[in-house]
Amino acid sequence: MSGTEIHGREVVVVENLHKVQRAACEIARECSRDEFSVKIIVVTKTHTVDSINPLLAAGHRVFGESRVQEARAKWPVLRHRYPDIRLHMIGPLQINKVRMAVSFFDVIETVDRPRLAALLAKEMQWQTRWPDCLIQVNTGDEPQKTGVRLKDADTFIKKCIFEWNLPIRGLMCIPPLNEEPAFHFALLREIALRHSLQTLSMGMSKDFPLAIRLGATHVRVGAAILGDRDRR
Ligand SMILES: *Cc1c(COP(=O)(O)O)cnc(C)c1O
């Protein structure tokens with residue numbers, strides 16, 4: 001039997017994770033940061049429990065999903081086996097999913113509008129459960145995209161912290177598809193510094209090394225670890 005036959009998909013996925021981890025450590029060191037200061041959020045949207053299992057077996061615990069319903073279908077069984085899983089909500093959050101999101105996720109990265117923020121605050125009080133929150137900033141000021149617009153960002157961040165008392169830990173962005181992301185990462189960092197926020201969730205499979213150089217504390221990596229998704 002040749003080596004490639006026993007070298008299955010499960011092994012490849014874990015190797016990919018280790019590659020990303022090594023790269024993240026190396027870049028952090030180059031930037032004189034703590035080697036382990038960068039958290040890798042493995043983005044598992046569209047991937048099945050079977051593809052996630054080897055990563056859990058290898059010790060990884062931090063994951064991202066972009067749809068509440070899909071996450072609720074996949075993760076309860078895994079959480080039962082691995083209670084220390086940390087699940088990040090990284091997709092647009094609809095008002096009618098707020099209750100479920102508060103009860104289910106450990107981190108909500110996509111707080112981006114007053115109505116959502118107010119409702120999250122109310123729901124957290126009600127459930128006495130306070131998942132960490134990040135504010136998503138539309139750094140490209142794209143009209144169709146989620147995330148608070150740049151001109152509203154400072155006011156919105158202050159209101160989230162001081163009016164709604166949300167547990168805001170930092171900021172998140174998804175740069176426009178066809179633009180050089182460096183500008184957007186630098187901008188996000190600048191806004192976070194203005195508000196003394198520590199967490200910066202930025203960088204995906206194609207640009208996470210750059211994001212770390214520009215200060216990312218969390219990178220959200222899907223394809224580079226789990227392989228390509230079907231377009232949806
Ligand atoms: C899908 C997704 C990612 C991961 O993208 P990859 O290119 O697969 O690494 C990161 N962030 C968000 C918000 C996503 O929806």
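Residue numbers run from 1 in the order of the sequence given.
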Between Glu70 and Lys74, does at least one N-O distance fall below 4.0 Å, as a salt bridge requires?
yes

If we only count heavy atoms from C-beta on, is the Pro131 to Phe104 side-chain gap below 4.5 Å?
no

Judged by atom type as modelled, is there a donor-acceptor pair below 3.5 Å linking the side chain of Arg86 to the main-chain atoms of Phe63?
no

Is it true that a side-chain atom of Arg33 and a backbone atom of Ile212 form a donor plus acceptor pair closer than 3.5 Å?
yes

Mark yes or no for whether Thr128, through its side chain, and Gln125, through its backbone, hold a donor-acceptor pair below 3.5 Å.
no

Applying salt bridge (charged side-chain N to carboxylate O under 4.0 Å, His left out), which residue pairs with at least one partner in residues 184-202 are found, sequence neighbours left out?
Asp154-Arg194, Glu190-Arg194

Do we get Arg149 above Phe156's six-membered ring, with its NZ or CZ under 6.0 Å from the centre and within 45° of the axis?
no

Ion pair present between Glu30 and Arg213, side-chain N to carboxylate O less than 4.0 angstrom?
yes

Test side-chain hydrogen bond (donor to acceptor under 3.5 Å, both in side chains), reference Arg220, set Ser201, Ser205, Ser66, output is Ser201

Taking side chain to side chain donor-acceptor pair (under 3.5 Å) as the test, write out the residues that go with His60, two or more places apart.
none

So does Glu65 pair up with Lys45, basic N to acidic O under 4.0 Å?
no

Note: Glu142-Lys145 ion pair, threshold 4.0 Å (strictly below):
yes

Applying side chain to side chain donor-acceptor pair (under 3.5 Å) to His218 and not counting sequence neighbours gives none

Short side-chain to backbone donor-acceptor contact, Asn138 and Val148, under 3.5 Å
no

Going hydrophobic residue to hydrophobic residue with side-chain gaps under 4.5 angstrom, can you get from Trp130 over to Val102?
yes

Out of curiosity, Ile168 CD1 to Gln198 CD, how far, rounded to the nearest 0.5 Å?
14.0 Å

Are the side chain of Glu10 and the backbone N or O of Leu55 linked by a donor-acceptor pair below 3.5 Å?
no

Does the side chain of Leu134 reach to within under 4.5 Å of the side chain of Ile108, using non-hydrogen atoms?
no

So, taking the atom named CE in Met204 and the one named CG in Asp207, what distance separates them when rounded to the nearest 0.5 Å?
6.0 Å

Are Ile225 and Ile40 side-chain neighbours, meaning at least one heavy-atom pair lies under 4.5 Å?
yes

Between Val38 and Ala28, the two heavy atoms sitting closest are CG2-CB, 4.4 Å

Any side-chain to backbone donor/acceptor pair from Thr110 onto Gly91? Under 3.5 Å, distance only.
yes

Thr139 side chain to Cys173 backbone, donor-acceptor under 3.5 Å:
no

